[in-house]
Amino acid sequence: MKIATWNINGVKARIDNLTQWLKDSDPDIVCLQEIKTIDEGFPRLEIEALGYHVETHGQKGFNGVAILSKTSPFEVNRGLPGDPLDEQARFLEAVFTLPDTRILRVCCIYLPNGNPADTEKYSYKLAWMERLRSFAAERLAYEEMLVLAGDYNVIPEPHDCFDPRVWESDALFLPQTRQAFRRLENLGLTDAVRATTDATRLYSFWDYQAGAWPKNNGIRIDHLLLSPEAADRMTSAAIEKHVRAWEKPSDHVPVIAYFDFAA
């Protein structure tokens, strides 16, 4: 099974890229972030025509997440628990039954950016990360296959960006951000990409400005974090970097992992 995450940066603007990628890459489950549309505006007919079931948690103009899957989930939960006043559409959970009746939980995450770091936006980011940690701890207790996939807006380590000096005061790389990410990982979660390679200059985002893409001045902020049960069945992981070179690209590219759930 192939599971992917991709910050699409506007699903209506990238629908041609999305449908082409679905045909080429053929993922089984896809977590999309920044769909930037309400649920009713999502171009589901184009996606369903390719054989995918669509679940969305949308918001007008910004944010918004979606999960596309070749099989329908039997349970869907919208919104990250822990703050009933939080109306931002950043979290979607879908629960699937595998052929051998085991459970697979896939969560689509669009973690807050947090900039400027001296404002309430950063406090919201850290609070959101703590809510995610509490949620993950609860789900891990189920001892099921769990994949937390999305745009985390976190650069975990210095080698996950082209120049740490450029990012040292950014909310994506501040010590408190990286510590919060480590607390999440320390619950027993595995970073799919880093479990397979220690390569440097391996990124999932390149800014549209300053020639970042041709210079490979990127950052790695899109992650798949796996429960022990899912990590045991992962066979490989990769970043599909070539998609960034397409016409009218997102500034992010898909990150994927393969699993052998028959094992």
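Source: prediction; values computed, not measured.
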(message) Would Asp251 and Trp206 count as a side chain to side chain contact (heavy atoms under 4.5 Å, CB included) here? Give the steps.
(response) CA-CA 5 Å; Asp251 40 10; Trp206 298 261; 6.0 Å; no
(request) Please name the pair of heavy atoms, one in Ala192 and one in Ala257, separated by the smallest distance, quoted to 0.1 Å. (result) CB-CB, 4.3 Å
(message) Less than 3.5 Å apart, any donor N or O on the side chain of Asn7 or Glu34 sitting next to an acceptor on the other?
(response) yes
(message) Is a donor from one side chain sitting under 3.5 angstrom from an acceptor on the other, for Ser250 and Asn9?
(response) no
(message) I want to check a possible cation-pi pair here: Arg233 against Phe261, using under 6.0 Å from ring centre and within 45° of the ring axis as the test.
(response) no
(message) As a quick check of understanding, evaluate ring-ring contact (aromatic ring centres under 6.0 Å, His included) for Phe135 and Phe91, giving each step before the final call.
(response) CA-CA 11 Å; Phe135 171 87; Phe91 184 89; 5.0 Å; yes
(request) Establish, from distance only, whether the side-chain atoms of Tyr124 and Asp86 form a donor-acceptor pair under 3.5 Å. (result) yes
(request) Could you tell me whether Arg105 and Glu93 have a side-chain N and a carboxylate O separated by less than 4.0 Å? (result) yes
(message) Less than 4.5 Å apart, side chain to side chain, heavy atoms only: is that true for Thr5 and Leu32?
(response) no
(request) Would you please say whether a donor-acceptor pair under 3.5 Å links the side chains of Glu240 and Trp6? (result) no
(request) Would you name the heavy atoms of Ser204 and Ile239 that are closest together and state the gap between them? (result) CA-CG2, 4.4 Å
(request) Could you note down all residue pairs passing ring-ring contact (aromatic ring centres under 6.0 Å, His included) where residues 26-69 supplies at least one of them, sequence neighbours left out? (result) none
(message) Counting the benzene-type ring for Trp, do Phe181 and Tyr152 have ring centres under 6.0 Å apart?
(response) yes
(request) Before accepting this row, confirm whether a basic side-chain N of the pair Glu185/Arg182 lies closer than 4.0 Å to the acidic partner's carboxylate O. (result) no
(message) Taking Thr197's backbone N and O only, do any of them form a donor-acceptor pair with Arg194's side chain (distance below 3.5 Å, no angle check)?
(response) yes
(message) Could you check whether Asn115 and Asn113, counting side-chain N and O atoms only, form a donor-acceptor pair closer than 3.5 Å?
(response) yes
(message) Salt bridge or not between Arg220 and Asp191? Use side-chain N to carboxylate O under 4.0 Å.
(response) yes
(request) Compute whether any side-chain donor of one residue and acceptor of the other, for Asp16 and Trp246, lie under 3.5 angstrom apart. (result) no
(message) Could you check whether Asp39 and Thr56, counting side-chain N and O atoms only, form a donor-acceptor pair closer than 3.5 Å?
(response) yes
(request) Would you check if there is a donor-acceptor pair between the side chains of Thr177 and Tyr122 at a distance under 3.5 Å? (result) yes
